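Structure record follows, encoded as structure tokens.
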Amino acid sequence: MAETGEEETVSAEASGFSDMSDSEFLDLEDSQELSASLSKPSPASELPGKDGKLISLPKWERGLDVSSPMERFHLKYLCVTDLSTQNWCEQQMVYGKELPGSVAPEKAAVLDTGASIHLARELEVHDLVTIPITSKEDTWAVKFLNMLSMIPTLQSGGHIREFPVFGEVEGVLLVGVIDELHYTAKGELELVELKTRRGPVLPLEAQKKKDRFQVSLYKYIFDAMVQGKVTAASLLHHTKLHPEKPLGPSVLKHAQQGGFSVTSLGDLMDLVFLSLTLSDLPVIDILKIEYIHQETAALLGSEIVSFEERELRNKVQHYMGYWVGRREPQGVDVEEAWKCRTCSYADICEWRKGGGMRSSVPVPQTKRAT
DNA sequence: ATTGCTGAAAGG
């Protein structure tokens, strides 16, 4: 029996964040750091003070990266799509964070079409309800309520869409949303990621690689969640949420309607972590990507991704190296310079100017002082 | 609070 998917998913709508756009005024620190990083000649950072008093320079005057990109961009977590964008071109992703809101209108239209196709598919399995929220705790509470309603649906054979995942990876909190999950006829848990395409053609290999990386990351996080490897403590640590803070009235109302007797975010988190670990959820068995044509909805192709954990972890470790400040960002290799053709930052890209686009020129190793 | 704050993903 195909379930009707009559379930309703709650979607939060922010109510009080409209005054957020003036966060620029404290950015003077960032901009002078940008110019400082042009002169990053030698790691000879210790200017010898005459009498040994030098270390007390405030960190922003020392120029180079004492603060990690996570801190500079004021990020408490990253999205899965941040990392997959990073997989496409790390330098472009960085420019995107520094200069937000500069997507070419033509590209934006394609994204927009894709977004509405996804929304239409989501509405096939559940309704959306708008809930006024009053705090970031509310935002997460809504996410948790959605999970609590979706897990039983999944376990009773239904299809669920937009399932939230989160977990600490390499010391950084990663947050994402799985497009679709369901059990196959054989009883395997399958993830489906829908990709819509402007033209009626399959993507290039570089794009496929990025998509494979994205779904692999979902599985990595989801598996960790159902295996109890993601803890409430870790989530609270990164998000700085207040678990004891009472939830807003409309969120509370919806929790009660769902049959959950909770008063705080902490209560809800307990329920979620119990549900995740005690519902007999398996790890994801199958990762599938479907490419469809936007205009005609024709299926262009579908691909089963083989999950290579080792390879995934290496990539993630490398990407996080940038975020935590272990290394500078890098652009694409010459082989992939074609990506610059459609990049809106091509004309300002320091990676290109700096002749950064090399393939794999071995850098003569200067002896490391030990 | 000499300061706060984030729907993620959308496609190339």
Side-chain angles (χ1 to χ4, degrees), chain A residues 9-27 70-71 73-85 87-89 92-93 96-97 100 103-122 128 130-147 161-166 173-180 193-199 201-211 214-215 217-218 221 238-242 289 291-294 300 332 336 338-346:
Chain A
T9 285
V10 205
S11 91
E13 190 160 85
S15 58
F17 292 118
S18 38
D19 54 318
M20 275 225 0
S21 45
D22 52 351
S23 57
E24 268 101 68
F25 67 38
L26 44 120
D27 277 354
M70 287 302 286
E71 295 165 331
F73 295 125
H74 307 116
L75 299 174
K76 292 207 262 287
Y77 59 83
L78 295 176
C79 303
V80 167
T81 47
D82 287 331
L83 291 211
S84 55
T85 303
N87 178 282
W88 178 264
C89 174
Q92 182 189 36
M93 184 277 302
K97 289 284 180 195
V103 261
E106 204 232 314
K107 188 178 283 185
V110 180
L111 292 176
D112 218 51
T113 303
S116 33
I117 292 174
H118 275 265
L119 178 59
R121 301 260 295 214
E122 179 181 4
L128 288 177
T130 300
I131 298 189
I133 56 157
T134 60
S135 64
K136 58 175 181 170
E137 280 75 15
D138 276 359
T139 307
W140 281 85
V142 168
K143 190 195 291 270
F144 294 146
L145 286 173
N146 286 334
M147 295 173 73
R161 296 224 168 97
E162 309 291 306
F163 185 80
V165 291
F166 48 83
L173 180 63
L174 262 184
V175 176
V177 175
I178 292 178
D179 205 15
E180 173 171 344
E193 172 70 31
L194 178 72
K195 294 295 183 197
T196 72
R197 312 257 318 146
R198 166 83 204 290
V201 284
L202 282 171
L204 297 174
E205 185 60 21
Q207 175 103 43
K208 288 186 184 167
K209 264 182 61 180
K210 189 193 89 160
D211 297 340
Q214 181 183 357
V215 296
L217 213 36
Y218 287 141
I221 301 171
H238 288 283
T239 56
K240 308 280 188 267
L241 290 163
H242 298 283
I289 303 174
Y291 296 99
I292 69 166
H293 181 34
Q294 285 191 345
L300 303 174
V332 295
E336 294 200 315
W338 54 267
K339 287 180 178 175
C340 306
R341 200 173 56 80
T342 56
C343 177
S344 27
Y345 308 104

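Residue numbers begin at 1 in each chain, while the letters A, B, ... track the order of the sequences. Please read these numbers as outputs of a predicted model, since none were measured by experiment.
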Using a 4.0 Å heavy-atom cut-off across all strands, classify [X] as base, sugar-phosphate, or nothing.
| X | value |
| --- | --- |
| Q214(A) | sugar-phosphate |
| S116(A) | nothing |
| L75(A) | base |
| Y218(A) | sugar-phosphate |

Separation of [N] [atom2] from [X] [atom1] (nearest whole Å):
| X | N | atom1 | atom2 | value |
| --- | --- | --- | --- | --- |
| W140(A) | dA8(B) | CH2 | P | 6 Å |
| D211(A) | dA9(B) | CG | C1' | 12 Å |
| E137(A) | dC5(B) | CD | C1' | 12 Å |
| L300(A) | dG11(B) | CG | C1' | 13 Å |
| Y77(A) | dC5(B) | OH | P | 12 Å |
| F166(A) | dT6(B) | CZ | P | 16 Å |
| L194(A) | dA8(B) | CG | C1' | 15 Å |
| K143(A) | dT6(B) | NZ | C1' | 10 Å |

It should be established whether H118(A) places a side-chain nitrogen or oxygen under 4.0 Å from OP1 or OP2 of nucleotide dA10(B).
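Checking dA10(B) against H118(A), a side-chain N or O does come within under 4.0 Å of OP1 or OP2.
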All salt bridge (charged side-chain N to carboxylate O under 4.0 Å, His left out) counterparts of K339(A), not counting sequence neighbours
E336(A)
Tell me, please, which residues at least two apart from E162(A) pass salt bridge (charged side-chain N to carboxylate O under 4.0 Å, His left out).
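In terms of salt bridge (charged side-chain N to carboxylate O under 4.0 Å, His left out), with neighbours along the sequence ignored, E162(A) is linked to no residue.
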Quick check for you: among [options], whose closest atom lies nearest to any side-chain atom of [X]?
| X | options | answer |
| --- | --- | --- |
| R197(A) | dT6(B), dA9(B), dG12(B) | dG12(B) |
| C79(A) | dC5(B), dG7(B), dA9(B) | dA9(B) |
| K76(A) | dT6(B), dG12(B), dG11(B) | dT6(B) |

Is K339(A) side chain donor-acceptor paired with the dG12(B) base, going by distance under 3.5 Å alone?
no
Establish whether the base of dG12(B) is bridged to the side chain of Q92(A) by a donor-acceptor pair shorter than 3.5 Å.
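Side chain to base: pair found, below 3.5 Å.
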Test side-chain contact (heavy atoms from CB on, under 4.5 Å), reference T113(A), set L111(A), I117(A), V110(A), output is I117(A)
Closer than 3.5 angstrom, by distance alone: can the side chain of [X] be matched with the main-chain N or O of [Y] as a donor-acceptor pair?
| X | Y | answer |
| --- | --- | --- |
| H118(A) | L194(A) | yes |
| D82(A) | C79(A) | yes |
| K136(A) | T239(A) | yes |

Which comes earlier along DNA chain B counting from the 5' end, the contact point of R198(A) or that of E162(A), where each point is its nearest nucleotide?
E162(A)
When you match V175(A) and S84(A) each to their closest nucleotide on DNA chain B, which lands nearer the 5' end?
V175(A)
Could you tell me how far dC5(B) sits from dA1(B) if I compare only their P atoms? Round to whole Å.
14 Å
